[in-house]
Amino acid sequence: MESKPRRSTYIPQEIEPKWQKIWVERGVMKASDKSPKPKYYDLVMYPYPSGDLTVGHARNYVMGDVLARMKRMQGFEVLHPFGWDAFGLPAENAAMKRNVHPQEWTLANIAKGKRELQMLGILYDWDREVTSCMPDYYRWTEWLFLLLYERGLAYRAMAPVNWCPVDKTVLANEQVINGRCWRHPDVEVEKRDLEQWFFKITDYAERLLNDLQLLDKWPHKVRLMQTNWIGRSEGAEVDFPVDGHEGESIRIFTTRPDTLFGATFMVLAPEHPLVEKVTTDANRDRVREYVAKARKASEIDRLSTEREKNGVATGGFAINPLNGERIPIWVADYVLMTYGSGAIMAVPAHDERDFDFARKYNLPIREVIAPAGGAGDDLSEAYVGPGVMVNSGQFDGLDSKTGFDRIVTWLEEKGLGKRTVKYRLRDWLISRQRYWGAPIPVVYCDVDGIVPMPKDQLPVLLPKEYKPLADNHEFWRTTCPKCGREARRETDTMDTFVDSSWYFLRYASPHDDKEPFDSELANHWMPVDQYTGGVEHAILHLLYSRFFTKVLFDAGMLDVSEPFIRLFNQGMVKRFGQVMSKTKGNGVSPDELVEKEGADAGRIYEMFIGPPEEDVEWDDAGLHGVVRFLQRVWRIVLEPQSIQVAGASPAAPDQTLLRRKVAQTVKKVTEDYDDLRFNTAVAYLMELANAMQAYLQGGGARDAVWDSAVRTLVKLLNPIGPHISEEMWERLGEGGPERGLLADAPWPEFDAAAAAEPQMTLVVQVAGKVRDRLTAATGLSEEQALALALASEKVRAALNGGRPSKVIYVQDKLINLVP
RNA sequence: GCCGAGGUGGCGGAAUGGCAGACGCGUCGGUCUCAAAAACCGAUGAGGGCAACCUCGUGCGGGUUCGACUCCCGCUCUCGGCACCA
C-alpha cells in the first residue's frame, strides 16, 4: 500500500503559541524612546479589569494591533501600550460579595486579562503597562490633584449634588443620565447638600469648545455631542431692581435681550436666595410650602418636560429697567438654580415655557417681535423666531438681531446689564465616598483649614484594611503638615475618571519616580496619533482628558493642548441580539475561540464581520468562512502543487494580470488598514487569494512573478493574521527565528506601473441605460469611443437606427448616447 | 420636542454622481464517498422567455442631471445623543 506524499496542514493551535513566545522574546513591540524613526502613538482605551474579557471586547484591541503592526512594517517607531483602569466600584462589590480584598480581585483579573490578550496575538509594550490602583501610579494622580489645587482649579464647595443610593456615593453631572445613575439605569439619583471637591473645568469651557475645531479627525458625532454638552449661549445679564427693596435687584440671564419689552413677569428658582426677601407676608405660607415641595421632588419629576409647569406668586414686584414697568415675581421649579443666575425674565410671547406658564396662571402675553411678512397676532403659541421689534418703544421697527445689539449696548451704557456668555457645562465633581480610589491628598486642620499634602510626602496610601475610610481612624487621624497639630485627613477618594484623564501621558515614562511623566518624553510621543475606544466615552473621558491636557499645557509640562489627533469609536459585538458578556452567558472567551478555530481566524473574522464602527452580530458560521479562507491561503502559499488544474473552463493564466492584481491589492489593503476599513481590506485579500488560486487552476507557472505574489500576500496578511503569516514566511524560507521575523520585514511598496490598467471596460449607455460593455484600450478620444460604441449591434438596436443627438463621454469609463 | 446617524438580495455587507449587490455566510446542483461530514467545483436580486435577451429593482413620494444607492425637498421607520440650560 502506497502512502500519499504527506501534506502540511494548517493547525493554528500548533503554530500560534510558538510565535507568541518568539515575539515576546524578541521584544517586537518594545518602543524605543531614542529611535531615529518617526513615531506613531497607537492607543486603545485602557479597560476596567472586570475579568469578563470576551472576543467582543477584544475587537478594538485587534484593530489597534493591526494598525500597530502595519505601522511598524512601514518604518514607524510605534508606541502601542496597555494598562488598566483599575480603581472603581466593581472591585468593592466583588469584595463584599466574595470577601476578597478589592486589590486582590483586581490584580487577579489583570493577570487573567493579560494572558487572554496575549493568546490572541495582540502585542503591547508590556514594560510600559500602567495600573491605576497601584501606588506608583496613584501617587501621581494625587500629585496632579495638587497641581490643579495650586492653579486654583480644585476647590471645595457645598452644593446640591447627585447621590446614588445604591453606590452610596456622589456622581458627576456627566454620570447622571436622565436623572438616573449611569451604572444603575433603574436607580434615581437623589439631591443632597454636601461639601465636595470640584475641578473647575468651566474655566476651560471656551477653549474646550473652540479647540473642537482642530479635531477634524474625530467622528463628527463626538464633536457635536461635546459641543452640545458644553452648551455655549450668548446673551446678556440684566439686573431687575426689586420694587420696595432699595438696592436689591434680581440678576437674570437672557439670550433674547431683544425681547426685554415683552417681559411680563419674573421667575425665581425655588432655591434662589432672594425668594424669602421678595415674598410678601400674605404669600409667605404658600411660597414656603411650594419651595419645600420642590426641594423634595425627585430630579426626574422636576426635569420632566412633559409635566405641567407650576409655581406660585411671591406677591413681590420687580422693575423692568428698560421701560420702568412693574412686573410680578413668581417662584417656579422650571427655573433651575444651577444655570445662569437661577432667575429669568419671562417673555411668554416668545418663549414656549414662559408661554405655557402664562397661560396656566393668566399672566399677560405681550408680543414684541413680529414675524417677517405680517403681524402674527395669533397667540396660540410662542413665536421664538426672528422678526421685527414692536411694542418696544425707541427700538420699534428694528429687526430682532439688530435690536439684540442695540439693547445690550444701551444696558451697558446705563450700567444695568452686560453682554455675557453662559455655558451648560458644570464643574466636575470629583469626590467619591468610596474606599477603592485615589485618596484626595488634603488634610483639614482647625488652625490652618484646608492644607494640601506637600508633594514630597505623596502618596497618601490607601490603608490595607478594606473598610470605609471615614470609619478608619488610623487613616484619617493625622497631623497638620503645616503646624503639626492634630488634624483630620480627607476621607473621600477621587472619581476614577481622574485616573484616566492622564494615563496616556504616563506611558511615555511609566517608571518615572520624580514626576507624573517626563515632559521631554511625553512631548516626543504625544499627541496620540490614533485613539480607539467605545463611544460611551464621547463626553466623560474624552472631555476630561482634553481638560487635563490643557491644564498641563498651561503649566508648561506639555507642548500639546489636544491629546488625541484621530479618534475612532468601534461598534460592539453582539451575540443572540445582546452585547457579548460572560455574565449574560452569550460571550465567546478567547480560550474557546483559540481552541476551536485559532486566534488568527478570530482576529480576521472580527475585522471582516462588518464595518468597524457598526455594532455587529457574531456568527459561528461566518467565523468558519474565515477558517476556510486561511486554509486556502495556506495551500496556495505552501502547497501550490496540490491545487488541481481545473478541467472545465480554466481562465488562461496571465502573469501580467496576476502582477496587476497583486499591485492593486497592495494599494487597497494599505489604504484600508490606514483608514481602519478592515472589512474591505479582508475582502481584497480574499479576492487576491481567489485570483491566485484561479491562476494555479489555469496551470500558471510558479516562477518569479508567482513567488512575488505569494510573498506579497503573506505580508499583507501579517498585521491581521500574524501567526499564520509568520509561519508561512518561515516555511517559504524567507524568515523565521534565525533569518528574521516577518513582523520586522518592510511593508510592500505600491507599484503604480504594474497596477495600471492598459484596458478598460467601456460602458455604453443609451439614454442612461447600459446597453453594452466593450473592452478597449485606455485613453480613447471621444470620437474613437463613439465609433466603437456605434459599431455595437446592441447599441444600434437601442438607438433604433437613429443618431444620438448628444454624447457624454467619461474618459476610460463610460459613454452615454442620448437619442 | 430638538440635534445627529441610518434604511441596499434569504443574511452580514460593498459601491459616495457613471457596470448596483464586491467579499463572505446561507441555499441549490455537482465531484469525491458504501454513506455522511469535511473539502473542492459551479449556480444564486425578482419577474418573463426555449433562447439571444427583455422588464423591474437600493424605505415611500417628488425634484435636479445625459445619468442618482449616492445630490436637493417632503414623508416614514429604526438607532444614538440631549431634553424645562432661559
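Below, chains carry the letters A, B, ... as their sequence lines are ordered, and counting in each starts from 1. Heavy-atom basis, side chains included; hydrogens, waters and symmetry copies ignored.
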Exercise for the section: For A:Arg803 and B:C66, give me the distance from atom CZ to atom P, rounded to whole Å. Expected result: 20 Å

Problem - Under-4.0 Å salt bridge between A:Arg359 and A:Asp354 - result: no

Exercise for the section: Starting from P on B:C19, measure out to CD on A:Glu757 and report it in whole angstrom. Expected result: 15 Å

Practice task
Using a strict 4.0 Å threshold on nitrogen-to-oxygen distance, state whether A:Lys360 and A:Glu308 make a salt bridge.
Solution key: yes

Practice task
Tell me what A:Ser233 touches on the nucleic acid: a base, only sugar-phosphate, or nothing, going by heavy atoms under 4.0 Å.
Solution key: sugar-phosphate

Practice task
Sticking with atom C1', work out how far B:C3 lies from B:U58, rounded to a whole angstrom.
Solution key: 27 Å

Practice task
Pick the C1' atom in B:A35 and in B:G47, then give their distance to the nearest Å.
Solution key: 40 Å

Handout entry: Given B:A86, B:G26, B:C23, the nucleotide with the shortest approach to the side chain of A:Glu687
Key = B:C23

Exercise for the section: Have a look at A:Arg632 and say if it touches a base, only the backbone sugar-phosphate, or nothing, with a 4.0 Å heavy-atom cut-off. Expected result: sugar-phosphate

Exercise for the section: Indicate, with a heavy-atom threshold strictly under 4.0 Å, whether A:Val810 touches base, sugar-phosphate, or nothing. Expected result: base

Handout entry: Sugar-phosphate, base or nothing in reach of A:Asn690, heavy atoms under 4.0 Å
Key = sugar-phosphate

Exercise for the section: Quote, to the nearest angstrom, the C1' distance that separates B:G9 from B:A22. Expected result: 14 Å

Problem - Rounded interatomic separation in angstrom, taking CH2 from A:Trp634 and P from B:A38 - result: 23 Å

Problem - Aromatic plane relationship, A:Tyr544 with A:Trp428 - under 30° parallel, 30 to 60° tilted, over 60° perpendicular - result: parallel

Practice task
Check every strand shown and say whether A:Ile808 touches a base, only sugar-phosphate, or nothing at a heavy-atom separation below 4.0 Å.
Solution key: base

Problem - Distance, rounded to the nearest Å, where A:Tyr334 contributes OH and B:A86 contributes P - result: 13 Å

Exercise for the section: Answer with yes or no whether A:Lys309 presents, from its side chain, a donor or acceptor under 3.5 Å of a partner atom in the base of B:C84. Expected result: yes

Problem - Contact check, side chains of A:Gln765 and A:Arg771, non-hydrogen atoms, under 4.5 Å - result: no

Exercise for the section: Determine whether any donor atom in the side chain of A:Glu352 lies under 3.5 Å from an acceptor atom in the base of B:G1, or the reverse, and answer yes or no. Expected result: no

Handout entry: Flag, side chain of A:Thr255 to backbone of A:Glu234, donor-acceptor distance under 3.5 Å
Key = no

Problem - C1' atoms of B:G21 and B:A38, separation to the nearest Å - result: 29 Å

Handout entry: Side-chain donor or acceptor of A:Thr314 paired with backbone N/O of A:Ile329 under 3.5 Å
Key = yes

Exercise for the section: For B:C66 versus B:C50, give the span between their C1' atoms, rounded off to a whole number of Å. Expected result: 37 Å

Exercise for the section: For the residue pair A:Phe357 and A:Tyr334, categorise the inter-ring angle as parallel (less than 30°), tilted (30 to 60°) or perpendicular (more than 60°). Expected result: tilted

Practice task
Would you mind classifying the nucleic acid contact of A:Leu224 as base, sugar-phosphate or nothing, using non-hydrogen atoms under 4.0 angstrom?
Solution key: sugar-phosphate

Exercise for the section: May I have the distance from A:Lys422 (atom NZ) to B:A86 (atom C1'), rounded to whole angstrom? Expected result: 11 Å

Exercise for the section: Respond yes when some side-chain nitrogen or oxygen of A:Arg628 is under 4.0 Å from OP1 or OP2 of B:G24, and no when none is. Expected result: no

Handout entry: Span that lies between the C1' atom of B:C73 and that of B:G80, in whole angstrom
Key = 25 Å

Practice task
Looking only at side-chain atoms of A:Trp229, point me to the closest of B:A22, B:A86, B:C82.
Solution key: B:C82

Practice task
Take A:Arg773 and A:Gln631, find for each the nucleotide of RNA chain B with the closest heavy atom, and name the residue whose nucleotide sits nearer the 5' end.
Solution key: A:Arg773

Completion exercise
From CG of A:Asn816 across to P of B:U65 the rounded distance in Å is 15 Å

Practice task
Provide the distance between the two C1' atoms, one in B:G18 and one in B:C2, to the nearest whole Å.
Solution key: 38 Å

Practice task
Using the C1' atom as the reference point in each nucleotide, state the distance between B:G67 and B:C60 in Å, no decimals.
Solution key: 22 Å

Practice task
Remember a base hit wins even if backbone is also touched, and classify A:Arg771 as base, sugar-phosphate or nothing at under 4.0 Å, heavy atoms.
Solution key: sugar-phosphate

Completion exercise
Winner on side-chain proximity to A:Phe608, out of B:G24, B:C40, B:G18, is B:G24

Exercise for the section: Establish, with yes or no, whether the OP1 or OP2 oxygen of B:A14 is under 4.0 angstrom from a side-chain nitrogen or oxygen of A:Asn679. Expected result: yes

Fill in the blank from the handout: Whole-Å distance, A:Asp772 CG to B:C53 P, equals 9 Å

Practice task
For A:Lys769, answer base if it contacts any base atom (sugar-phosphate contacts may also be present), sugar-phosphate if it contacts only those atoms, and nothing otherwise; contact means non-hydrogen atoms under 4.0 Å.
Solution key: sugar-phosphate

Handout entry: Given RNA chain B, 5'-ward residue of the pair A:Lys813 and A:Val616, judged by closest heavy atom
Key = A:Val616

Practice task
Let me know the distance between CG of A:Leu799 and P of B:C66, rounded to the nearest Å.
Solution key: 17 Å

Fill in the blank from the handout: Quick note, A:His220 side chain, CB onward, closest among B:A22, B:G4, B:G18 is B:G4

Exercise for the section: Tell me what A:Asp619 touches on the nucleic acid: a base, only sugar-phosphate, or nothing, going by heavy atoms under 4.0 Å. Expected result: sugar-phosphate

Practice task
Give A:Gln693 one of three labels, base, sugar-phosphate or nothing, depending on what nucleic acid heavy atoms sit under 4.0 Å from its own.
Solution key: sugar-phosphate

Exercise for the section: Could you check whether A:Gly340 gets within reach of a base, just the sugar-phosphate, or nothing at all, counting any heavy atom under 4.0 Å? Expected result: nothing

